[in-house]
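Below, chain A is the first sequence line, B the second, and so on; all start at residue 1.
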There are 2 protein chains.
Amino acid sequence: MKRLNILLFDGFETLDVFGPVEAFAMTGEYDIHFLSVEGGVIANRHGVRTETEKAEPRPDEIWLIPGGMGTRPLARDTDFIHTLDHLLAGAEFILTVCTGSALLAETGRLDGLRATSNKNSFAWVQGCGPAVDWQRQPRWVKTGNIYTSAGVSAGIDMALGFIADQHGQDAAETAARRMEYHWNTDPDHDIF
Amino acid sequence: MKRLNILLFDGFETLDVFGPVEAFAMTGEYDIHFLSVEGGVIANRHGVRTETEKAEPRPDEIWLIPGGMGTRPLARDTDFIHTLDHLLAGAEFILTVCTGSALLAETGRLDGLRATSNKNSFAWVQGCGPAVDWQRQPRWVKTGNIYTSAGVSAGIDMALGFIADQHGQDAAETAARRMEYHWNTDPDHDIF
């Protein structure tokens, strides 16, 4: 079992988190943990209140960073960005969903790399990473050990794409079928 | 704002809950509450631990019942089924996702009505409601004030269908677009 660390913060977008969680869980290959900078209960405006562990750096493991309105203040919070950068040190893979890529961009880890984000917040995200090669068209982008996805539901497609890269196309298609999910398999094309 | 009551239990399926939550939240029309029979933290095998309020009957409100492996023991738990029936008394609408329809069937509220469920657990679900007119083909079914959906992701499509019925097709399409979600709009057709 690979450990998947999901970093929550107040104001995370619900489906950014729990869509990928469902896809990863369906494979039976991932031990999923919900973390936050301080630990404790993390809430969002959808009424979700989820328990988390206090985050520590976890080298050689997988991290997922969601988006949501909570990214707006955090992208301007230099302490948070410094902590995020510290937590991700030595990560095997970093996955972001939606405006989670804005937080990763603020650490500098996307500088010079192709990346994508939510289409409705694209201009704001671009401002968070002027040195990033932002791509509006893709559903998700893989660059080295970093995956970034477009908005909300695109995180499910990216997670299945990651599963395909790690465990083969059949494993991803099986997970999608068990979720009864119409997987958008083409990372380069997004209708939104 | 309409109140939407989501009934959680240990072993609920992650996306059965949080997919519809995202769709309803995107409309800005719903005040979403997570409830359970005893209240407190509800967990599942995906590492999710979510706080809930203690459930009380809430007539003239909307209820959503997810599926998941947790439905297996609950469908045989006559105290739980009795409590569920009590909680749903006078509900304005009842929505079930995936094997959540098995729990509703056990209350007798689906007897004689068309309903659907997860395709991978269909035989088990049928056994929970021998007097229900189970339909294998639909993505979701509306029968009076009850909506039942097929497996996991189908809950998102059903939620958007419910939103379309309540607020119009444009409202549902706007929610889907903000989720960057490819909505499967036809309730009668499911590829799974």
So if you build clusters from Ile, Leu, Val, Met, Phe, Trp, Tyr with side-chain heavy-atom gaps below 4.5 Å, do A:L4 and A:L104 land together?
yes

Only pairs of heavy atoms separated by less than 4.5 Å count here; which of A:G151, A:G19, A:A150 has the most with chain B?
A:G151

Need one label for A:V41: side chain, backbone, both or neither, based on atoms under 4.5 Å from any heavy atom in chain B.
side chain

Are A:L160 and A:M26 linked, directly or through intermediate hydrophobic residues, by side-chain heavy-atom contacts shorter than 4.5 Å (ILVMFWY only)?
yes

Using a 4.5 angstrom heavy-atom cutoff, name the option from B:I32, B:L15, B:I156, B:I42 with the most pairs to chain A.
B:L15

Enumerate, including both backbone and side-chain atoms, all donor-acceptor pairs under 3.5 Å from chain A to chain B.
{"residue": "A:T14", "atom": "N", "partner": "B:E22", "partner atom": "OE1", "Å": "3.4"}
{"residue": "A:L15", "atom": "N", "partner": "B:E22", "partner atom": "OE1", "Å": "2.8"}
{"residue": "A:E22", "atom": "OE1", "partner": "B:T14", "partner atom": "N", "Å": "3.4"}
{"residue": "A:E22", "atom": "OE1", "partner": "B:L15", "partner atom": "N", "Å": "2.9"}
{"residue": "A:R49", "atom": "O", "partner": "B:E51", "partner atom": "N", "Å": "2.8"}
{"residue": "A:R49", "atom": "NE", "partner": "B:E51", "partner atom": "OE1", "Å": "2.7"}
{"residue": "A:R49", "atom": "NH2", "partner": "B:E51", "partner atom": "OE1", "Å": "3.3"}
{"residue": "A:E51", "atom": "N", "partner": "B:R49", "partner atom": "O", "Å": "2.8"}
{"residue": "A:E51", "atom": "OE1", "partner": "B:R49", "partner atom": "NE", "Å": "2.7"}
{"residue": "A:E51", "atom": "OE1", "partner": "B:R49", "partner atom": "NH2", "Å": "3.3"}
{"residue": "A:K119", "atom": "N", "partner": "B:E180", "partner atom": "OE2", "Å": "2.8"}
{"residue": "A:R139", "atom": "NH1", "partner": "B:E180", "partner atom": "O", "Å": "3.0"}
{"residue": "A:R139", "atom": "NH2", "partner": "B:E180", "partner atom": "O", "Å": "3.0"}
{"residue": "A:G151", "atom": "N", "partner": "B:E180", "partner atom": "OE1", "Å": "2.8"}
{"residue": "A:S153", "atom": "N", "partner": "B:M179", "partner atom": "O", "Å": "3.0"}
{"residue": "A:S153", "atom": "OG", "partner": "B:M179", "partner atom": "O", "Å": "2.8"}
{"residue": "A:M179", "atom": "O", "partner": "B:S153", "partner atom": "N", "Å": "3.0"}
{"residue": "A:M179", "atom": "O", "partner": "B:S153", "partner atom": "OG", "Å": "2.8"}
{"residue": "A:E180", "atom": "O", "partner": "B:R139", "partner atom": "NH1", "Å": "3.0"}
{"residue": "A:E180", "atom": "O", "partner": "B:R139", "partner atom": "NH2", "Å": "3.0"}
{"residue": "A:E180", "atom": "OE1", "partner": "B:G151", "partner atom": "N", "Å": "2.8"}
{"residue": "A:E180", "atom": "OE2", "partner": "B:K119", "partner atom": "N", "Å": "2.8"}

Path from B:V37 to B:L35 over hydrophobic side-chain contacts below 4.5 Å:
yes

Are B:V48 and B:I6 joined in one hydrophobic group, where the rule is that I, L, V, M, F, W and Y side chains link up if heavy atoms are under 4.5 Å apart?
yes

Single-linkage hydrophobic cluster, 4.5 Å side-chain cutoff, A:I62 and A:F12 together:
yes

Side chain, backbone, both or neither: which part of B:F192 has a heavy atom under 4.5 Å from chain A?
side chain

